[in-house]
Every structure is written in structure tokens, then in C-alpha cells.
Amino acid sequence: MDRPLPGSALEALESFLGQWSGTTQWEATAWGPARTAVAEVVFARAAAGLAVTMSYRHTDSGGVKTEGIGVFTADTAHPDTLWYHVNSMGLPPEPPARASWHDGTLTIDRRSDRGTARHTLQVEGGKLTHSAGLRLGKAREFSPFMTTVCRRVPEPAPVAV
């Protein structure tokens, strides 16, 4: 099959596809101080458009890298997008998180016994913004944790032969 099925991840995430570059700002938390890193993000079509991968790398000024990969798929039985995610932080992969769309923003709540991480992803005006907040323990509100802002990396012009 060379085209995605209606409701597929590719159809929902079409505007995210491509390579992005920018910066990530982490807020100060119990795990470390506030810091900034160079961000590289790539969204790519996978499985004939039934999935979209999101790979990322953050490199801070000391050369420390944080990497991860996610796979988005559509739940054809519900109006949801599923996000499978694993990163270099050393925790085991979690079950997929359910994501929902509202006014062009994808919101993902990843729940674990430690708390909830809420991610929002949006492409608007040629800019990709990925924000995350944490709600740990019995907290009622999400505390900002990370914001990545990127611009699309232009594709190289074709080389004439």
C-alpha cells in the first residue's frame, strides 16, 4: 500500500514531517538545574504511513546528550493518536500514551506511578513547539519542565546531473 489509510498517523501528523532544529530550555527541577540545549528533531513516515516516528537529540553546552524516539500510530477504534516512547534517561519503556488533538495542538498525557507528564506539540507559522509539564505525587497543577522551539531545516536542492 502506498498511501495512508484515512485516520492514519501520517494524515494527522503531516505538518510535523521533516527535520527541525532549535533549542530546548529545561526548567530547574529536583533532577537538575535549569539549562539550555541545542535540539534536533526528525519526524518521518513509517509503515506505509500507518505510523510516524519522532526522533530527537538534545545536546547541552557541556556536550551531554539526551536522545529519544517515539512512534505515533492512530487508534482506529477511537479518535486518538497513540505515542510509544523511549529515551536515554534509563527508565524502561512505558505503555503507549493516548494523545488527542484540539485546535491544531497534540496533547499527550504519559502516566506512571511517579506522576503524569503532559506534552503538547504544535506546528504553527513554520515553528515546531514541544512543551512538557510534570504533575508529581498529589500535585494538582502541572509544573513546566521543558520547552523546545524549532524551525524546519530546508531540504537540500536537487543536484543537476
Side-chain angles (χ1 to χ4, degrees), residues 7-46 50-60 64-152:
S8 70
L10 179 61
E11 181 181 308
L13 293 162
E14 185 88 34
S15 65
F16 289 77
L17 294 177
Q19 185 173 349
W20 303 82
S21 180
T23 59
T24 296
Q25 175 65 47
W26 277 286
E27 304 299 327
T29 66
W31 302 289
R35 64 195 188 282
T36 302
V38 172
E40 301 168 68
V41 183
V42 176
F43 284 88
R45 172 188 169 135
L50 294 177
V52 171
T53 61
M54 172 193 176
S55 59
Y56 63 88
R57 174 181 294 147
H58 305 285
T59 307
D60 70 20
V64 175
K65 292 180 180 167
T66 304
E67 299 177 333
I69 190 162
V71 176
F72 293 94
T73 63
D75 182 343
T76 57
H78 300 90
D80 294 336
T81 299
L82 300 175
W83 187 36
Y84 297 83
H85 177 259
V86 64
N87 63 32
S88 61
M89 304 303 273
L91 298 172
E94 298 170 354
R98 289 202 174 268
S100 59
W101 290 92
H102 182 71
D103 292 334
T105 299
L106 182 64
T107 301
I108 308 159
D109 284 347
R110 292 176 51 216
R111 293 177 174 85
S112 74
D113 57 354
R114 298 177 305 278
T116 302
R118 174 167 287 163
H119 296 261
T120 60
L121 293 110
Q122 179 182 42
V123 173
E124 187 172 51
K127 180 173 65 172
L128 167 67
T129 304
H130 176 185
S131 298
L134 297 174
R135 187 176 65 204
L136 303 175
K138 297 188 186 283
R140 292 179 179 228
E141 302 293 321
F142 285 90
S143 298
F145 172 66
M146 174 210 85
T147 301
T148 299
V149 178
C150 294
R151 296 269 177 204
R152 191 180 301 277

Evaluation steps, side-chain contact (heavy atoms from CB on, under 4.5 Å), between Y56 and H130: CA-CA 11 Å; Y56 63 88; H130 176 185; over 6 Å; no
I need the [X] [atom1] to [Y] [atom2] distance, nearest 0.5 Å.
{"X": "T105", "Y": "E124", "atom1": "OG1", "atom2": "CD", "answer": "7.5 Å"}
{"X": "T24", "Y": "D60", "atom1": "OG1", "atom2": "CG", "answer": "10.5 Å"}
{"X": "L134", "Y": "E141", "atom1": "CG", "atom2": "CD", "answer": "13.5 Å"}
{"X": "F142", "Y": "D109", "atom1": "CZ", "atom2": "CG", "answer": "5.0 Å"}
{"X": "M146", "Y": "S131", "atom1": "CE", "atom2": "OG", "answer": "6.5 Å"}

If we only count heavy atoms from C-beta on, is the [X] to [Y] side-chain gap below 4.5 Å?
{"X": "R98", "Y": "L82", "answer": "yes"}
{"X": "H58", "Y": "T148", "answer": "yes"}
{"X": "I108", "Y": "F72", "answer": "yes"}
{"X": "R35", "Y": "V64", "answer": "no"}
{"X": "V86", "Y": "I69", "answer": "yes"}

Chi angles and distances behind the side-chain contact (heavy atoms from CB on, under 4.5 Å) call for V149, K127: CA-CA 7 Å; V149 178; K127 180 173 65 172; 3.4 Å; yes
Criterion side-chain contact (heavy atoms from CB on, under 4.5 Å) on F43 and V123, from CA distance to verdict: CA-CA 12 Å; F43 284 88; V123 173; over 6 Å; no
side-chain contact (heavy atoms from CB on, under 4.5 Å) evaluation trace for H119 with W83: CA-CA 11 Å; H119 296 261; W83 187 36; 3.7 Å; yes
